[in-house]
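Here, residue 1 is the first one in the sequence, and each next residue gets the next number. One-based numbering, in listed order, for ligands and for the atoms of each.
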Amino acid sequence: MEIGTIGVIGVGTMGSGVVEVAARSGVQVVARESSPELVEAGRSRVEKSMDRGVARGKLDEAARDAASAAITWTTDLGDLAGCDLVLEAVPENLPLKLEIFGVLDQVLDPSAIMATNTSSIPIIDVAMGTSRPQQVLGMHFFNPATVMKLVEVISTQLTAPEVTEAATAFATDTLGKRVVAAPDRAGFVVNKLLVPYICQAIEMYESGHASAGDIDDAMKLGAGHPMGPLTLADLIGLDVCLFTAESLYAEYAERFYAPPPLLRRMVAAGRLGRKTGGGFYEY
Ligand code: 3HC
């Protein structure tokens, strides 16, 4: 399966990163948002990020212009009709994802691959919303997607082996990522380890075990992590951390996956981390 054109649905933090990575890798990209305002916000996110690359000497102007020209922006899911692979990266809301996959099922070529970037919804639940679950799999990118080298590729019981192979080859050979095959179980590989660690850090902070700065510095300077767990939670988004912890707890019913009360309260208060200007730290 040749993948020369991809669609990305949802151009928020994760989707915009994938749009940029793909366009810079020479892929034609159709980027879809649900309103003209969100299209403009997505376009500006991608362009600012590439301009930063130019300013830092990591990207030359011709490459930036070629990448920009490779992206088509739209609000119409019908414009994804010619895509070889479509990645959905909308918020973690199963009815919304099912609605999108239902439309994709109508418009995409029978051989097209349908991928979701979900971090916490079982891939099979999304696949069963289509008439062709053998074409559906998970491709889970990491934030910031332009920098993080990993993609988890998640096959369900029904994903066709050639679909998994084509998605893996695309992520590896075209996008230059390292692929890890992960099972369709809550947390896949990374979040099954990472989210309980972040939840434990939140509990330590809430109980006064150590300050936020001390917890973060301890893990940076004592364990060699690039950022501490509370800074990382702010980067990921506390809503995403909560949703993922809830899905892990629902799947495994282990106490250590349960989201800590402070995480729930911060999400309820709209303190979601960097994207809202404040979480464990102010931005
Ligand atoms: N967007 C795009 N690029 C970014 C960025 C951002 N938000 N933040 C940093 N970068 C780029 C910089 O431009 C720089 O690029 P360059 O080397 O080409 O110049 C490079 O990353 C390094 O940046 P800095 O030197 O400014 O800072 P650091 O060395 O501290 O790196 C970091 C920043 C890459 C974010 C690093 O701190 C890191 O790896 N943190 C951990 C991130 C992580 O764990 N992400 C996974 C989260 S889990 C997830 O996404 C799954 C979900 O389901 C929950």
Side-chain angles (χ1 to χ4, degrees), residues 10-24 42 44-60 63-64 67 87-93 97 115-123 138-154 171 176-180 182 184-199 201-202 216-217 219-221 223-248 251 257 259 263 267 272-275 277 279-281 283:
V11 196
T13 307
M14 294 309 298
S16 63
V18 177
V19 167
E20 179 180 341
V21 170
R24 286 173 61 173
S44 139
R45 210 173 278 122
V46 171
E47 281 176 0
K48 277 195 188 128
S49 172
M50 291 203 287
D51 288 346
R52 264 198 311 273
V54 172
R56 292 166 69 105
K58 300 283 174 186
L59 182 68
D60 65 44
R64 177 201 53 199
L87 178 79
E88 165 275 310
V90 305
E92 298 287 46
N93 172 331
K97 289 182 195 280
T116 172
N117 184 55
T118 184
S119 52
S120 42
I121 292 174
I123 312 299
M139 290 182 79
H140 186 215
F141 289 78
F142 292 82
N143 185 8
T146 45
V147 180
M148 305 307 285
K149 287 279 173 236
L150 184 71
V151 177
E152 290 174 322
V153 170
I154 305 109
K177 302 290 189 187
R178 162 79 160 95
V179 167
V180 165
D184 188 18
R185 299 286 184 276
F188 312 133
V189 172
V190 171
N191 283 343
K192 196 169 191 292
L193 291 166
L194 186 63
V195 172
Y197 155 69
I198 287 174
C199 288
I202 296 171
D216 279 350
D217 281 350
M219 292 312 291
K220 274 170 64 181
L221 305 178
H225 290 202
M227 50 176 54
L230 301 173
T231 306
L232 181 56
D234 277 355
L235 173 75
I236 293 170
L238 301 193
D239 52 342
V240 176
C241 292
L242 176 60
F243 206 82
T244 310
E246 278 172 339
S247 77
L248 283 161
E251 183 108 310
Y257 290 125
L263 178 58
V267 171
L272 307 184
R274 279 196 198 187
K275 62 187 169 188
F280 291 101
Y281 301 95
Y283 299 92

Enter the distance from K177:NZ to M148:CE here, rounded to the nearest 0.5 Å. 9.0 Å

Would you mind checking which non-hydrogen protein atom is closest to atom 49 (C) of ligand 1, with the distance to 0.1 Å? F142 CD2, 3.4 Å

Taking 4.0 Å as the limit for heavy-atom contacts, which would you say applies to N191 with ligand 1: side chain only, backbone only, both, or neither? side chain

Contacts of D51 that satisfy side-chain hydrogen bond (donor to acceptor under 3.5 Å, both in side chains) - sequence neighbours left out: R64

Give the residue and atom name of whichever protein heavy atom lies nearest to atom 36 (C) of ligand 1, and the separation in Å to one decimal. P226 CB, 3.8 Å

Are any non-hydrogen side-chain atoms of V21 and F141 less than 4.5 angstrom apart? no

Candidate pair E20 and T146, rule side-chain hydrogen bond (donor to acceptor under 3.5 Å, both in side chains), full reasoning: CA-CA 7 Å; E20 179 180 341; T146 45; 5.1 Å; no

So do L194 and L232 actually touch side chain to side chain, heavy atoms under 4.5 Å? yes

4.0 Å protein heavy-atom contact status of atom 42 (C) of ligand 1, strictly under: yes

Please verify whether a non-hydrogen atom of M14 lies at under 4.0 Å from ligand 1. no

Heavy atoms only: which of N117, N143, T13 lies closest to atom 45 (N) of ligand 1? N143

min-distance protein heavy atom vs atom 4 (C) of ligand 1 -> V147 CG2, 3.7 Å

List ligand 1 atoms under 4.0 Å from T146, heavy atoms only on the residue side. 2 (C), 3 (N)

Within this structure, what is the CG-CE distance for the pair D217 and M227, rounded to the nearest 0.5 Å? 12.5 Å

L194 heavy atoms within 4.0 Å reach ligand 1 at atoms 48 (S)

Identify the protein heavy atom lying closest to atom 1 (N) of ligand 1, giving its residue, its atom name and the separation to 0.1 Å. P144 CB, 3.4 Å

Contact between ligand 1 and T244 is defined here as a heavy atom of the residue under 4.0 Å from a ligand atom; is it met? no

To the closest 0.5 Å, what do you measure between CZ (F188) and OG1 (T118)? 6.0 Å

Any donor-acceptor pair under 3.5 Å linking the side chain of N117 with the backbone of M14? no

Considering all protein heavy atoms, does one lie under 4.0 Å from atom 27 (O) of ligand 1? no

With rounding to the nearest 0.5 Å, note down the distance linking OG1 in T13 to CZ in R45. 5.5 Å

Closest protein heavy atom to atom 44 (O) of ligand 1, given as residue, atom name and distance to 0.1 Å: L232 CD1, 3.4 Å

Does atom 24 (P) of ligand 1 have any protein heavy atom closer than 4.0 Å? no

Among all protein heavy atoms, pick out the one at the shortest distance from atom 53 (O) of ligand 1; state its residue, atom name and that distance to 0.1 Å. H140 NE2, 2.8 Å

Quick note on ligand 1: atoms under 4.0 Å from a heavy atom of S119 include exactly 53 (O)

If you scan the protein for heavy atoms around atom 51 (C) of ligand 1, do you find one that is closer than 4.0 Å? yes

Any protein heavy-atom neighbour for atom 31 (O) of ligand 1 (distance below 4.0 angstrom)? no

To the nearest 0.5 Å, atom CG of L248 lies from atom CG of N191 at 7.0 Å

Backbone N or O of S120 within a donor-acceptor pair of the E92 side chain at under 3.5 Å? yes

Could you pull out, from R274, R56, R52, the option with a heavy atom nearest to atom 13 (O) of ligand 1? R56

Any idea which protein heavy atom is nearest atom 54 (C) of ligand 1, and the distance to it? I236 CG2, 3.4 Å

Enter the distance from D239:CG to L272:CG here, rounded to the nearest 0.5 Å. 4.5 Å

Any non-hydrogen protein atom less than 4.0 Å away from atom 16 (P) of ligand 1: yes

Among all protein heavy atoms, pick the one closest to atom 33 (C) of ligand 1 and tell me residue, atom and distance. M227 CE, 4.9 Å

Sidechain N-carboxylate O distance under 4.0 Å for R185, E251: no

